[in-house]
Protein chains: 4
Amino acid sequence: MSSEQIRVTVWNEFRHEKTNATCKSIYPNGMHEAIASYVRSVSGCQARTATLDEPEHGLTQDVLDQTDVLTWWGHVAHSEVSDEIVDRVQERVLAGMGLIVLHSGHMSKVFRRLMGTSCMLRWREADERERMWVVKPSHPIARGVGPFIDLPMTEMYGEHFDVPDPDELVFVSWFEGGEVFRSGAAWTRGLGKIFYFSPGHEVYPIYHNAEVLRVIGNAVRWAAFSGNDTVKPFYGANCEPLETLSVKDYQRESIDHAAARENL
Amino acid sequence: MSSEQIRVTVWNEFRHEKTNATCKSIYPNGMHEAIASYVRSVSGCQARTATLDEPEHGLTQDVLDQTDVLTWWGHVAHSEVSDEIVDRVQERVLAGMGLIVLHSGHMSKVFRRLMGTSCMLRWREADERERMWVVKPSHPIARGVGPFIDLPMTEMYGEHFDVPDPDELVFVSWFEGGEVFRSGAAWTRGLGKIFYFSPGHEVYPIYHNAEVLRVIGNAVRWAAFSGNDTVKPFYGANCEPLETLSVKDYQRESIDHAAARENL
Amino acid sequence: MSSEQIRVTVWNEFRHEKTNATCKSIYPNGMHEAIASYVRSVSGCQARTATLDEPEHGLTQDVLDQTDVLTWWGHVAHSEVSDEIVDRVQERVLAGMGLIVLHSGHMSKVFRRLMGTSCMLRWREADERERMWVVKPSHPIARGVGPFIDLPMTEMYGEHFDVPDPDELVFVSWFEGGEVFRSGAAWTRGLGKIFYFSPGHEVYPIYHNAEVLRVIGNAVRWAAFSGNDTVKPFYGANCEPLETLSVKDYQRESIDHAAARENL
Amino acid sequence: MSSEQIRVTVWNEFRHEKTNATCKSIYPNGMHEAIASYVRSVSGCQARTATLDEPEHGLTQDVLDQTDVLTWWGHVAHSEVSDEIVDRVQERVLAGMGLIVLHSGHMSKVFRRLMGTSCMLRWREADERERMWVVKPSHPIARGVGPFIDLPMTEMYGEHFDVPDPDELVFVSWFEGGEVFRSGAAWTRGLGKIFYFSPGHEVYPIYHNAEVLRVIGNAVRWAAFSGNDTVKPFYGANCEPLETLSVKDYQRESIDHAAARENL
């Protein structure tokens, strides 16, 4: 990461909290503040927030350049996110920014852009029980919770979830109504690490749940860039050979292919 | 697949063949005809062609609906492919159409849309030798060639290749100039299977090479849909539970979450 | 595959059928005959059977050499399978024989040898419902069944299932008692393809279920070798360079490393 | 990890250093001391060594229980490693110990046990150049080196490398003689993380190379357990349901399956 502290930007659509009384009562300052408040308590992390209705959705180039990990929650206003900001977020992810996509963010432009698929799923809002099982216990994102996380009341998200096969599948959920869901899944895109984590419907106090928050904190630490950033300058380069070529008079741009082929 | 025969559409930008004398001499009818001609010789396959300058780039909804596998070659005119056609191709891939992306097609809008990354790489045009090693011999795409494919003269494509980690890595190439490349790689997107295969620079007779053609034929057969198409109707559905829920008076849309939560 | 027909050997421990009245009533000729009988009805497949108490467990070198795909069911007598036969089966898988491991075969010596892990899981025998969801609909093994397979009465197998991350995850199961399970999963080992499929407790008529059988038939066709068998002779070879080396006097075995290093 | 410091045990066969003058001159105290000395310089790491000819090969239960990450180098004496110690190492890996397998350790009993394959490859000892390309720059193991690592003189290790498809492929090597190799690859087995890293022939000063050592240090930090260890007690458990089952009189062990099935 580019600083000693992991700099997290917690992004929220921030619409339900203004119109839905239940949501407002659970998250009086918005879901983003609930999440950011927790992230600030995680050792080595700092957090700011950004929301849809701010200028440039709060995601100016400067903010993104100073963001190591971005978390994303959106639902009813995906279409209001401008394509220019989506381009900007994608570019930053490919350059190494981590991305944590939460719940209904599965249908965000940002996530769909990075996945290349519809990202659709089955759903049901019926106050039912979910049990998130750890299927990859070696993964740092699963650290500090039990063999499963029990959520007494959630929205159901079920298969088929139209995403590329995860590079790492960390959680699989069981639902009371009979469905399963790949509810914690990780991918790499460019230099950036992406984690999708499904809990979080706006009318349940999910982002006050200690285990859910623990996983988000783990994910932030996992997603912060820790790789090799020397690879970047090579993107798209026309480059000199590292070894002596047998075609002796090789000169970039001026090669006479027809003549060269006679040596075949 | 939706018919007894695999219906292949071979798409080509078809520009170099009109302006570059070397390319024209190698492919007098265009690269698409060289490829389609081979595909027609593969048992169980039929092929038509489509090119950029045809109306709708030759990829009308009707043509795509009758295509089981699409192959894609483009280079200098990626930007001329309309976004509407890119949407259409993506939708068909997610619905089960196979896609074979060839050589400089790595920078096509279609491939970048489905990968979610820049798809950039290092390159060099220097008439050098490439040796494509089979690293997953169990894969049907590697069938019928030796432990490696020797290409005496190619364009170099080198790492880092900015694509998502392949679901299956079939070939890795060695280049005389000192680079390596993941030159045969497979992904799934939705119901569709995608194979990227790197040989094919326009001034080399690569699509007359028997082993390269053999791999393309294998890839076509592999990419034709052979999965479960009943999953499709569930995309995006709000759905009834399959089990009896403990929240007894569950009624879709009208649930009183606040009351329900009191049972927590 | 090495013949026009896929030659399947259906292996069964064949002990419960002799001692458990329920099992005997469901499978009067043994589970192997129920499975083999179905396989024989699949186009392009032929089947023989082999059981633990036959000489060499029915898996002589000759039988294995003439087997394209082996299916494996065992439970109470895993320890009675001789290590010599396990070696033989492993060697054949690495050389390209497909392997379908069924239900309690997860604890077989053969499967554990090929996975390298404990292959343990949680279980419960309680006549409960299982619903196997298709999570990779593009996969040929999921062909011909619906979005899920409903099994009204099964033994529960639950996570954590201690296997290597599957190369391809095809089914995930939901259980009435609250668990989930990666119930259809595929790996490659050497030239061989392996599929683990969890349904099949001996006191339920699972191998009379049309959808379960359909999946087994799909798996057999998928697992039959269709790759590149020229790779085999290279295993373990000390080999000559394919290019001219800069160390001019390279001679295998007699190289003077100390002198050569002076050129560094 | 189970302590604040990562406790590394560097294991070495330690035979070549006693018999080969070149090897002895490069590693007067053995390769293990060269590696351990570097590991001790890595922040947060401590290291001890163990060698084949010590009692229990230096890998007593107590030593392994106090080891977070084990590194393994062996070559001429793989067969002298006792199966009991191999069992012990495997068990510790499944329980969360990290394992770094170096160079000719690819043929060690320990690595083959965990992979389930032959782990064979092509090789040549010809003082030739190797260039290890980073193909997954997001990975922490690739941190701190350039886009490739240049090794002027190494033993060639080439494809096909008979290992399971890596969960993560970090490095791919180019060799002067015309081969490629998946030279840095990662897998998970149970709770344990495994990294294979190919440089290290005994007659080259590879373990004095700063970039090779840097990668080994990165690998040690990556392989130290950072996951969820609550999953362990569930291995192999027969367990009570978490939900109320519809078969009302469910009692473990005494269930009357025949009667229960009449409710189907």
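Bear in mind the structure is a predicted one, so any value in this text is a computation, not a measurement. Letters A, B, ... mirror the listed sequences (proteins, then strands); counts begin at 1. Hydrogens, waters and symmetry mates play no part in the numbers below; they use all other heavy atoms, side chains included.
- If you measure heavy-atom distances from C:Phe161 to chain A, you find no contacts under 4.5 Å at all.
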Present all donor-acceptor pairs from chain A to chain C with distances below 3.5 Å, rounded to 0.1 Å.
unit_1	atom_1	unit_2	atom_2	d
A:Arg131	NH1	C:Gly178	O	3.1
A:Trp133	NE1	C:Gly178	O	3.1
A:Lys136	NZ	C:Asp165	OD2	2.6
A:Asp165	OD2	C:Lys136	NZ	2.6
A:Trp174	NE1	C:Phe175	O	2.6
A:Phe175	O	C:Trp174	NE1	2.7
A:Gly178	O	C:Arg131	NH1	3.0
A:Gly178	O	C:Trp133	NE1	3.1

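- Heavy atoms of A:Phe181 lying under 4.5 Å from chain C are absent altogether.
- The side-chain contact (heavy atoms from CB on, under 4.5 Å) with C:Val172 is formed by just one residue from the set A:Leu169, A:Val135, A:Val172; it is A:Val172.
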